[in-house]
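As structure tokens, the structure follows; a few thoughts come after it.
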2 protein chains.
Amino acid sequence: MPMQMSGPLAALDKWQPDRCSMAMALDVVGTKSAMLLLREAFYGTTRFDGFVRRVGITEAVAAKRLKELVEHGLLEKRPYREPGSRTRYEYVLTEMGNALLPVVVALMQWGDTYLRDDGGPLRVVAAETGEPVSVRVAPSGAESLGPEGLAVRINRKG
Amino acid sequence: MPMQMSGPLAALDKWQPDRCSMAMALDVVGTKSAMLLLREAFYGTTRFDGFVRRVGITEAVAAKRLKELVEHGLLEKRPYREPGSRTRYEYVLTEMGNALLPVVVALMQWGDTYLRDDGGPLRVVAAETGEPVSVRVAPSGAESLGPEGLAVRINRKG
DNA sequence: CCGTATCCTGATAGATACTG
DNA sequence: CAGTATCTATCAGGATACGG
């Protein structure tokens, strides 16, 4: 999406980005703790204690963030019970929460590539084949595109 | 005592995620202003004034964030001069910065889908064909995978 | 286990004014 | 146009203690 204010995006110069979708998204998941909790949920953690311990945040922060994520619809708080214990609750990703998977994986892989020497401690692979996966931006069925291959259009309202 | 790991991962129960790549990435781009500045850089904005105006932040915040992004290597501050003016500087995405494009696009499209009714004010398309693009997580040449189709492996450390 | 309740520190960021 | 300098309010998040 390059435009030196003369390219294909000159139209955007007039567009007011004040409350763009990304800003709205960041109001929901724009904190480190929210993103790290989502990462942990993708890993399969469901219990309060697990989130606290594995993300490395305090109970207070975990409680607040988890509550927000539930309220915003990214996590569902559902009852479960182990034999012999009373009912407890677990936090499970909703479809809305699952839809953030590309963001999480992209951030992980970007960190692996640019912020460390060892390539990172983990790799994400296809469950069936074991092939490493990557995050790509592309039209369906086409090759991955970089910034130069992309453009942004303004949607007509109504 | 096994925390149930229904997700892509059971092996990770022992792994200490304290300084994972995502946490490191969030130390660089984990603020709203940093992400919004990157969005704006993808749109083609290069000048201080443009960032301030179009992101809607104060000069102080913009100056601090831009400096950090330059120091971390996501933006390059390069001199330019218009005819008849003195030398000024513009902020241009480096390869490292460009590599965050999937994160930006994924956040935008997630917001479009889940946080608004109108589908969002903008759409990202392939520059050549005009086809809408999407962000996918997949092995090379394969279909997009959701959380169920993924697994996480621990890398052996050299 | 699963949280709540307080207190406290530092970071984020707005408002405003000023400089080369 | 491209910042710097303050001053302030709000938020993120750690520490600690406590209750079901």
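A, B, ... follow the sequence lines: proteins, then strands. Residue 1 opens every chain.
A close approach under 4.0 Å does occur between a side-chain nitrogen or oxygen of B:R65 and OP1 or OP2 of C:dA13. For D:dA12, the OP1/OP2 oxygens have a side-chain nitrogen or oxygen of A:K64 closer than 4.0 Å. Of the side-chain N and O atoms in A:S33, none sit less than 4.0 angstrom from OP1 or OP2 of D:dA12. Residue A:K67 has a polar side-chain atom (N or O) positioned under 4.0 Å from OP1 or OP2 of C:dT4. Distances shown here put a side-chain N or O of A:Y80 below 4.0 Å from the OP1 or OP2 atom of C:dC2. Between C:dC2 and A:K77, no contact under 4.0 Å exists linking OP1 or OP2 to a side-chain N or O. Taking side-chain N and O atoms only, A:Y91 has a distance below 4.0 Å to OP1 or OP2 of C:dG3.
Nearest to the side-chain atoms of A:T58 among the listed nucleotides D:dG14, C:dC1, C:dT12 stands D:dG14. The side chain of A:E59 lies closest to D:dT16 when the candidates are D:dT16, C:dT12, C:dC2. Distance from the side chain of A:V61 is smallest to D:dG14 among D:dA2, C:dG3, D:dG14. Side chain of A:T31, nearest nucleotide from C:dT4, D:dA2, D:dG13: D:dG13. Nearest to the side-chain atoms of B:I57 among the listed nucleotides D:dG13, C:dG14, D:dT4 stands C:dG14.
Rounded to a whole Å, the CG atom of A:L26 is 14 Å from the C1' atom of C:dT12. Computed from coordinates, the B:F51 CZ to D:dA2 C1' distance equals 13 Å when rounded to whole Å. What separates CG of B:L36 from P of C:dG14 is a distance of 10 Å, to the nearest Å. Whole-Å rounding puts the A:D49 CG to C:dT4 C1' distance at 16 Å. Atom CG of B:L75 is separated from atom P of D:dG3 by 12 Å (rounded to the nearest Å). One can place CD of B:E90 at 14 Å from C1' of D:dC1, the figure rounded to the nearest angstrom. Rounded to whole Å, the distance from CG on B:L66 to C1' on D:dA2 is 11 Å. The separation between A:D27 atom CG and D:dT10 atom P is 17 Å, rounded to whole Å.
The pair B:R47-B:D49 does not meet the salt-bridge criterion, since no charged nitrogen lies less than 4.0 angstrom from a carboxylate oxygen. For B:D112 and B:R123, the salt-bridge test fails: no basic side-chain N is under 4.0 Å from an acidic carboxylate O.
Under the 4.5 Å side-chain contact rule for hydrophobic residues, B:V92 and B:L66 do not share a cluster.
Mapped onto DNA chain C by nearest heavy atom, A:K32 and A:F48 fall at different nucleotides, with A:F48 at the one closer to the 5' end. In terms of position on DNA chain D, the residue among B:Y89 and A:G56 whose nearest nucleotide sits closer to the 5' end is B:Y89.
Both the sub-6.0 Å distance and the 45° axial angle are satisfied by A:K77 relative to the ring of A:Y89.
Residue A:A60 is classed as a base contact, given a heavy-atom separation below 4.0 Å to a base.
Without hydrogens or angle criteria, A:W110 side chain to B:M96 main chain gives a donor-acceptor distance under 3.5 Å.
Taking the side chain as every heavy atom from C-beta outward, B:P132 and A:R153 never approach each other to under 4.5 Å.
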